[in-house]
Each structure stands twice: as C-alpha cells, then as structure tokens.
Amino acid sequence: MTITEEKAEWRLSPDTDFIYNRFDLIFPSESVLLTVRLDDNTYQIPVHFEDSTAKFGLWLSPAPAEVICEAAKYVFQNHPALKTISFEHYLQDASAVWKQQVSSSRNHWNIMLPGTAEELDSRLSAKKRYNIKREKRLAREQIADYEIVSFLAAEVPLEIIKQYFVFKQSGYGIDYHMTPAEYLTQYHVSHVYVLQFVLTGEIGAIVCSCEQGENVYLENLTYNPELKKYSLGAILYDEYLKLLIQKGKRSLYLGYGKQVYKSLYGAEEHITYSGKLYRSSFIYLIQEWLPNQKKRLIQKTKKMIKKMDVFNLRSILR
C-alpha cells in the first residue's frame, strides 16, 4: 500500500465526485487529496484540516476500511496536533480496523441514472407509470398548464427561495432562520428547479439541487401544501430526474429517510456510517468515553429519583 498527497488542482474520480466530498470547492485552502494504492486498485480520500481535527470525504466511498485505516495513520503521523478525524456516510464500518472510534449507522438512498428517460420510466411499475401520467394530466386540467423552469443558484430570484421557506414552514414546521442567499451558500445549492403554472405564475413545487460533481445531491424537495392532492412534488421529481439524465449525470444522492419517493426509479438503499476516529485510546477516553459515562450516570440517577420519589425529591433537587 502506498499513499501520495496532492495539495492543488486535484480532481475526484466519478465514483466519489460529489459536493460533500469536494473539499477543493468547500475548503479550497485547507484541504488535500490522498491517493491510496492497494494492489491494483486506487482510492481517493479528500482531507480537510481545521485546528485539532480533520475530516475525510468518504460519502459513499468504495474504499475498504483497511485503506481508511492506513490513511488515518498517515494523517495522524504527519499532523501531530490532530486529535480526531471525522467522516460522514461511509459505506464501511471502520470499528473492525480502528478501535478508538465512535460511529452511528443510517440508511442512505441513491439512484444510478440510466442513459434515457425511457429507461428511467421502465424502472417503475405499470401502476406507478400510469399514476404519474394521470397526476400530470389532472394538474393541467384542474389547475392550469405548467412548466419546469431551471435556474442557476447565482441567478435564481430570491422570491423563489422565500417561497421555498414558506412551503417548508407551512408544510413541515421548518424555519431555517437564514436569508435565501445564506441558505443557497450553506447548503451548496447550484441549481433550483421550479414547477410553475404558466398563466398565473403560481409556484407548485421546488427542488434545490447540488450539481457540482458527476453525482448530484437532491438538497431538498418541497411543494405547495395547499395543492397536496395533486402530487406536484412527485411530478417535479419525475421531471427533475429526466433533466439530470439529459445533462449526463452519473447518479443522484438522496440522503437518509424512509420517504416512499426515495425508493422509486431503481433507487438503492445502503447502510452508511458517520463518526470519528481518535488518535489514541487516551483521547478517546477523555473526549468520548468519560462524557458518555457521565451522561448515562445522570440519566440513571434521574430515573431512580423518579421511581423513588416518595418524599418529593424532584422538586427539592430542582
């Protein structure tokens, strides 16, 4: 196994070229690319440094756990001030090769995009294909004719993002507490797609998309909750996928969750791991194990007090 390091003008391979692995775009002056060669295979690991921590870009990375272990040893050896290395949505459980670590697992959906819209449609059941065609027809007949409008994030009218906030607040109770410009920047949105009714200009659904790499990230999809029965979100999602195919994109990452739409169009569900690798057992003990033991002790004590609250101890302790 050999490891080389690049500090400028590096490019990710298609299988990991994705915005949250693109540290060259997110942290341009504070990142490097490690290339690890194992036998006849090559794996890329973006690394971002910040004070006493580093971050590996491993989102859906195919790199084996032993490769990540060697990369972590290399980084810790060459950066003595580092205490931890974090990672997100890695496809492997690193606990078998790095004992001083903590991680949690979560599901993750992605769709490998086909070459044509017809191939995409063929992945749906006959009933689902019928339903999406029917939903499009009913929306046009009962509301108005619609169009799908695409904007670059740098050019999207901020009123559209404000409408996105309104839909999220009224439909899901979500308040971002930020301006439209702050949202677009913080969540790395590159494109915005809008289902808009032609005659009135009314917005029915919005997709915020991150398309900086060959693998796209659907940052968020929302719709007008007052028109929920027309499935405008499903309509826009279908059109969005077909636009990505036209652009020649490799895949779409959908993140975690159990939403039905994420399982359609041949989507694959993976179990992924997010967490931290610690430099040493001592640092793991101080930063992870002892604080967790303290939390468990406090929770256990509270349960005992609640169970034995004969003398109204809870009100006294408050």
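- Distance alone, capped at 3.5 Å, places no donor-acceptor pair between the T185 side chain and the E182 backbone.
- Heavy-atom minimum distance, L33 versus L12: CD1-CD2, 3.7 Å.
- S190 places a side-chain N or O within donor-acceptor distance of the main-chain N or O of S209, the cut-off being under 3.5 Å.
- Annotation: F27 is in aromatic contact with H48 [ring centroid separation under 6.0 Å].
- Here K55 contributes atom NZ and F87 contributes atom CZ; the two are 11.5 Å apart, rounded to the nearest 0.5 Å.
- Y240 and I245 fall within the same hydrophobic cluster, where Ile, Leu, Val, Met, Phe, Trp and Tyr residues are linked whenever their side-chain heavy atoms come under 4.5 Å apart, directly or through other members.
- The aromatic ring centres of Y265 and Y237 sit less than 6.0 Å apart.
- In the displayed structure, Q259 atom CD is contacted under 6.0 Å by more than 12 heavy atoms of other residues, nucleotides or ligands.
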Q: Evaluate side-chain hydrogen bond (donor to acceptor under 3.5 Å, both in side chains) for E135 paired with Y230, printing each intermediate quantity in order.
A: CA-CA 6 Å; E135 288 160 356; Y230 293 102; over 6 Å; no
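- Counting heavy atoms of neighbouring residues, nucleotides and ligands inside a 6.0 Å radius, atom NZ of K247 exceeds 12 of them.
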Q.
Would I160 and V192 count as a side chain to side chain contact (heavy atoms under 4.5 Å, CB included) here? Give the steps.
A. CA-CA 9 Å; I160 289 177; V192 178; 4.3 Å; yes
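- Using a 4.0 Å cut-off between charged nitrogen and carboxylate oxygen, E211 and K249 do not count as a salt-bridge pair.
- Taking each heavy atom of A139 and I235 in turn, the nearest pair found is CB-CD1, 4.1 Å.
- Heavy-atom minimum distance, A63 versus Q92: O-CG, 3.8 Å.
- Considering all non-hydrogen atoms of both residues, Y273 and S103 come closest at CD2-OG, 4.3 Å.
- More than 12 heavy atoms of other shown residues, nucleotides or ligands fall within 6.0 angstrom of atom CZ in F49.
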Q: Tell me, with the steps shown, if F167 and Y223 meet ring pair (Phe, Tyr, Trp, His ring centres under 6.0 Å).
A: CA-CA 6 Å; F167 290 166; Y223 57 87; 7.9 Å; no
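- Checking each of F56, W59, Y253 against Y20 for a ring-ring contact (aromatic ring centres under 6.0 Å, His included) leaves exactly one that passes, namely W59.
- Cluster annotation: V189 is not connected to I148 through the hydrophobic network of ILVMFWY side chains, with a link wherever side-chain heavy atoms come within less than 4.5 Å.
- Salt-bridge check for R250 with D15: failed, with every basic side-chain N at 4.0 Å or more from each acidic carboxylate O.
- Side-chain atoms of D24 do not come within 3.5 Å of backbone N or O of E9 as any donor-acceptor pair.
- Annotation for R123 and L113: closest pair NH2-C, 4.3 Å, computed over non-hydrogen atoms.
- Cation-pi geometry between R279 and F76 is not met: the NZ or CZ atom fails to fall both under 6.0 Å from the ring centre and inside 45° of the normal.
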**Q.** Intermediate values then yes/no, side chain to side chain contact (heavy atoms under 4.5 Å, CB included), L82 and V75
**A.** CA-CA 8 Å; L82 289 182; V75 169; 3.3 Å; yes
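- Clustering ILVMFWY residues whenever any of their side-chain heavy atoms sit less than 4.5 angstrom apart, transitively, puts V207 in a cluster other than the one holding Y217.
- Ion pairing between K242 and D121 holds under the 4.0 Å rule for side-chain N and carboxylate O.
- Under the 3.5 Å distance criterion, the side-chain polar atoms of N21 are matched with a main-chain donor or acceptor of T16.
- A distance of 6.0 Å or more separates the ring centres of F151 and Y193.
- Distance check, rounded to the nearest 0.5 Å: CG of L218 to CG of L252 gives 5.5 Å.
- Checking side-chain atoms of S274 against main-chain N and O of H89 turns up a donor-acceptor pair under 3.5 Å.
- For the pair W10 (side chain) and E5 (backbone), a donor-acceptor distance under 3.5 Å is absent.
- Without hydrogens or angle criteria, D175 side chain to H177 main chain gives a donor-acceptor distance under 3.5 Å.
- Note that CD of E202 is 6.0 Å distant from CG of N224, once rounded to the nearest 0.5 Å.
- Checking side-chain atoms of D17 against main-chain N and O of S13 turns up no donor-acceptor pair under 3.5 Å.
- Both Y90 and I45 are members of a single hydrophobic cluster when ILVMFWY side chains are connected at heavy-atom separations under 4.5 Å.
- Other residues, nucleotides and ligands contribute over 12 non-hydrogen atoms within 6.0 Å of the CD atom of E147.
- Note: Y164 and Y183 have tilted aromatic rings, judged against thresholds of 30 and 60 degrees for the angle between ring planes.
- Note that CG of N215 and CG of L60 are 8.0 Å apart. Values are rounded to the nearest 0.5 Å.
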**Q.** CA sep, side-chain torsions, deciding dist, call: Q101, W98, side chain to side chain contact (heavy atoms under 4.5 Å, CB included)
**A.** CA-CA 6 Å; Q101 65 94 39; W98 198 277; 4.1 Å; yes
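- Rounding to the nearest 0.5 Å gives a distance of 9.0 Å between NZ of K83 and CZ of F282.
- When atom types are taken as modelled, the side chain of H270 and the backbone of W109 share no donor-acceptor pair closer than 3.5 angstrom.
- The two residues P114 and E119 make their nearest non-hydrogen contact at CB-CB, 3.6 Å.
- Interatomic distance, CG of N220 versus CD1 of I174, reported as 7.0 Å (0.5 Å rounding).
- Ion pairing between K73 and E70 holds under the 4.0 Å rule for side-chain N and carboxylate O.
- Taking the charged nitrogens against the carboxylate oxygens, E141 and R137 do have a contact shorter than 4.0 Å, which makes a salt bridge.
- Judged by a 6.0 Å distance limit and a 45° cone about the ring axis, K168 is not positioned over the six-membered ring of F165.
- Residue R134 places its CZ atom among 12 or fewer non-hydrogen atoms of other residues, nucleotides or ligands, all under 6.0 Å distant.
- Without hydrogens or angle criteria, D51 side chain to T53 main chain gives no donor-acceptor distance under 3.5 Å.
- Counted within 6.0 Å of CZ on R106, heavy atoms from surrounding residues, nucleotides or ligands total 12 or fewer; the atom is thus considered open.
- Ion pairing between K262 and E269 fails under the 4.0 Å rule for side-chain N and carboxylate O.
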